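Right, one structure below, let's go through it.
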Amino acid sequence: MASSRSLLLPIGLVLSLLFIDAAISLSLVSSMVAFLHTYGGGPFPIEGPFESTFLLAGEPAHLVVNQGHTTNGANGTVLVLVGFGGCIALWLERRSRRKYDRSSPAFYVWALIVFLSCLLTLTALIYTFVETSKTGSQEIDYSVARATPAPAHYPNDRWTPENWYAAVLELPLVSDDDRRVIQHNLTLMRGWRWNLIPMFLLGFALLSLVVLELLRLRRRSTQKVPMEEVLA
Ligand SMILES: *[C@@H]1O[C@H](CO)[C@@H](O)[C@H](O)[C@H]1NC(C)=O
């Protein structure tokens, strides 16, 4: 039996949490992009044989970035379409119920957006974890790195930014500052990948509540339950 109480309030609460989480995700991905374009671009001095050093370009020749783009697409969809769109849709829905005693079409359109956004977040989640694990067990070949100093880029393998910088930390970096900055930024990269899990769960929770609310409205329209009881 569907609940006879309106779920608009819990929908609004979960929507707020999802919005905050997507904003965090967006700022983490943005900080990674900023890092790639600045400090992360290197070059980093690496210890060579006989107290020599050589320079490693900050980015490899084959950097995998589409999982980051997909994630930013999911972030943007949540913030703009689900978030701001949701504020408008929920406001219209409340107004329509109060004034005209019926549901507003905007709510149904928004429900579809919530569904598509949840799928997009799931896609970003799977894509990111698959790319990370596919490129995760490889190491930087020291002799290859030494043979291709900056401005050349390390030619072997495909790398996600996270896996690349983790591998860079395995090399004998000359500067402790480099090590520290890379380490911190690496933590942020891991942060946005893992954050995709709560973001998906929140999106799924929101979708479930919206579907329950739609089922409730449907039941009301077929059973002719008095309006005041259902459309609270
Ligand atoms: C990440 O790298 C930037 C340079 O691009 C640096 O300013 C910043 O402090 C680093 N972040 C952390 C958390 O250390």
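We use all heavy atoms of the structure for the numbers below, so side chains are in, but hydrogens, waters and symmetry mates are not. Values in this document were obtained by computation on a predicted structure and should not be read as measured data.
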Go through the side-chain N and O atoms of Asp177 and Ser175 and say whether any donor and acceptor fall under 3.5 Å apart.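 Distance-only check fails for Asp177 and Ser175.
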
Nearest 0.5 Å please: distance from the [atom1] atom of [X] over to the [atom2] atom of [Y].
X	Y	atom1	atom2	answer
Leu28	Arg190	CG	CZ	14.0 Å
Thr71	Asn195	OG1	CG	10.0 Å
Thr121	Met199	OG1	CE	4.0 Å
Leu15	Leu202	CG	CG	10.0 Å
Ile140	Asn163	CD1	CG	10.5 Å

Do [X] and [Y] have side chains that get closer than 4.5 Å, going by heavy atoms?
X	Y	answer
Leu7	Pro10	yes
Leu173	Pro45	no
Tyr108	Ser103	yes
Arg180	His184	yes
Arg216	Arg5	no
Leu206	Val82	yes
Asp21	Phe200	no
Cys87	Leu90	no

Donor-acceptor pair, [X] side chain versus [Y] backbone, under 3.5 Å?
X	Y	value
His62	Asp157	no
Gln67	Val130	no
Arg179	Leu169	yes
Glu93	Ser104	yes
Trp192	Gly68	no
Ser117	Ile113	no
Ser96	Leu92	no
Thr187	Gln183	yes
Asn185	Val181	yes
Asp178	Phe44	no

Please say yes or no: joined through hydrophobic side-chain contacts below 4.5 Å, possibly via intermediate residues, are [X] and [Y] part of one cluster?
X	Y	answer
Val210	Leu18	yes
Leu214	Leu212	yes
Leu196	Leu17	no
Ile11	Leu9	no
Ile20	Leu188	yes

Salt bridge or not for Arg97 and Glu213, using N-O below 4.0 Å?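 Counted as a salt bridge, because a side-chain N and a carboxylate O are separated by less than 4.0 Å.
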
Closest contact, heavy atoms only, [X] versus [Y]:
X	Y	answer
Ser25	Asn75	OG-OD1, 2.8 Å
Ala124	Ala74	CB-CB, 4.4 Å
Ala150	Leu56	CB-C, 4.2 Å
Met32	Pro161	SD-CB, 3.9 Å
Leu79	Ala22	CD2-CB, 3.9 Å

Compute the centroid of each ring, for Trp110 and then for Phe115, and state whether the two points are separated by less than 6.0 Å.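 For Trp110 and Phe115, the ring centres are not under 6.0 Å apart.
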
List in chain and number order the residues that pass side chain to side chain contact (heavy atoms under 4.5 Å, CB included) with Tyr142, two or more places apart in sequence or in another chain; answer none if no residue qualifies.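 Partners of Tyr142 under the side chain to side chain contact (heavy atoms under 4.5 Å, CB included) test: Ile46, Pro49, Phe54, Arg146, Leu171, Pro172.
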
Can Leu112 and Val109 be said to form a side chain to side chain contact (heavy atoms under 4.5 Å, CB included), step by step? CA-CA 5 Å; Leu112 182 64; Val109 174; 5.7 Å; no

Side chain to side chain contact (heavy atoms under 4.5 Å, CB included) assessment of Tyr165 paired with Trp159: CA-CA 9 Å; Tyr165 290 106; Trp159 301 85; over 6 Å; no

Got a sec: does the OH of Tyr127 have more than 12 other heavy atoms crowding it under 6.0 Å?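 Check passes, neighbour count above 12.
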
May I ask you to check whether over 12 heavy atoms, not counting those of Gln138, lie within 6.0 Å of atom CD? yes

May I have the step-by-step check of side chain to side chain contact (heavy atoms under 4.5 Å, CB included) for Trp164 and Val64, ending in yes or no? CA-CA 10 Å; Trp164 168 253; Val64 188; over 6 Å; no

Show me the pairs that pass salt bridge (charged side-chain N to carboxylate O under 4.0 Å, His left out) and involve residues 192-207, at least two apart or across chains. Glu162-Arg193

Take Phe129 and Ile197 through the side chain to side chain contact (heavy atoms under 4.5 Å, CB included) test and state the conclusion after the steps. CA-CA 10 Å; Phe129 274 81; Ile197 294 176; 4.1 Å; yes

Arg95 to Trp91, cation-pi by 6.0 Å centre distance and 45° axis angle: yes

